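Values in this document were obtained by computation on a predicted structure and should not be read as measured data. Reckoned from all heavy atoms, side chains included, excluding hydrogens, waters and symmetry mates.
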Amino acid sequence: MMLLRAPLALTVLVTLVTSVFGSSLAAAQVGGRSFLRQIYGDLAVEVRSAPANALRIGAANGERSLTVTVLARDLRRWADSATRILAARAVVRRDTTRFQAMVEGPGVSAGSMTLSRTLSANDTVITLFVADAEFQSVRTVVSAEEARALVGAMRRAANAVLPPPARGRGGGVRSGRSGPQLAP
């Protein structure tokens, strides 16, 4: 089964790259380091670095492609929220419960990306939705494994762009003592 799926996925990726990625994802590919190029559900996703600790996320399906710019720190927070959503235990209820994690880019021309998990009595559906500033959007249903892989890849991309955390005063490991020690 996996042998048949891999060539199919590769064929879909090549088709999407050559036919759909033309205009919108070309903007995402201008400069910057590429952190991710993968298919999730029916979407081809590419993540590249952008100026000012930002990332460009390109997403395309068979109908359209678009680019979203988000700050790396916001994407890292999104990954933390999405991890909690994916790990949440299902509560047996008759009604439907929906959780979502959303990241929006700065300004009016950036767009957004949402990962939502809908729980019902019989089923769990995880949806990835990406929309740009022109109100164009792409959406796909992903498996739990694909969602976890996407969230991990987004977290790694955000961490790669952000500067390392600042160390404490003195730059070394603290000894565990608090405050100055006086000799007897």
- Item | Chi angles and distances behind the side-chain contact (heavy atoms from CB on, under 4.5 Å) call for V45, Q38 | CA-CA 5 Å; V45 177; Q38 187 69 37; 5.7 Å; no
- Check the pair L66 / Q136 against side-chain contact (heavy atoms from CB on, under 4.5 Å), numbers first and verdict last. CA-CA 7 Å; L66 50 95; Q136 297 292 317; 4.3 Å; yes
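A continuous path of hydrophobic side-chain contacts links L43 to L36 [ILVMFWY only; heavy atoms under 4.5 Å]. Linking ILVMFWY side-chain heavy atoms closer than 4.5 Å, directly or via other members, places M154 and L71 in two distinct hydrophobic clusters.
To the nearest 0.5 Å, atoms OG (S112) and CD1 (I57) are separated by 10.0 Å. Note that CG of D132 is 10.0 Å distant from OG1 of T69, once rounded to the nearest 0.5 Å. To the nearest 0.5 Å, the span separating CZ on R77 from CG on L75 amounts to 11.0 Å. Here the CD-OG1 distance, from Q100 to T114, works out to 5.5 Å after rounding to the nearest 0.5 Å. The OG1 atom of T124 lies 4.5 Å from the CG atom of L119; values are rounded to the nearest 0.5 Å. The CG atom of L86 lies 9.0 Å from the CG atom of L150; values are rounded to the nearest 0.5 Å.
Here the side chains of N61 and T140 are not in contact, with every heavy-atom distance at 4.5 Å or above. Residues R76 and L162 are in side-chain contact: their nearest non-hydrogen atoms beyond the backbone lie under 4.5 Å apart. Residues M113 and V68 fail the side-chain proximity criterion, which asks for heavy atoms closer than 4.5 Å.
Under the rule for a salt bridge (charged side-chain N to carboxylate O under 4.0 Å, His left out), the partners of R155 that lie at least two apart in sequence or sit in another chain are D80. In this view, R156 and A153 satisfy the side chain to side chain contact (heavy atoms under 4.5 Å, CB included) rule, not counting sequence neighbours. Residues meeting the side chain to side chain contact (heavy atoms under 4.5 Å, CB included) test with T127, sequence neighbours left out: S116, V125, R139, V141. Judged as a side chain to side chain contact (heavy atoms under 4.5 Å, CB included), and not counting sequence neighbours, the contacts of A101 are W78, S81, A82, I85. With sequence neighbours excluded, no residue satisfies side-chain hydrogen bond (donor to acceptor under 3.5 Å, both in side chains) with N53. For A157, the side chain to side chain contact (heavy atoms under 4.5 Å, CB included) partners are F35, V47, L55, not counting sequence neighbours.
Comment: E46 engages R48 in a salt bridge, judged by a side-chain N to carboxylate O separation of less than 4.0 angstrom.
A donor-acceptor contact shorter than 3.5 Å links the side chain of E146 to the backbone of G41. No donor-acceptor pair under 3.5 Å is formed between the side chain of R64 and the backbone N or O of V138.
Minimum heavy-atom separation, T96 to S120: OG1-CB, 3.9 Å. Residues V161 and S49 come closest through the heavy atom pair CG2-CB, 4.2 Å. R117 approaches A88 most closely through the heavy-atom pair NH1-O, 2.8 Å.
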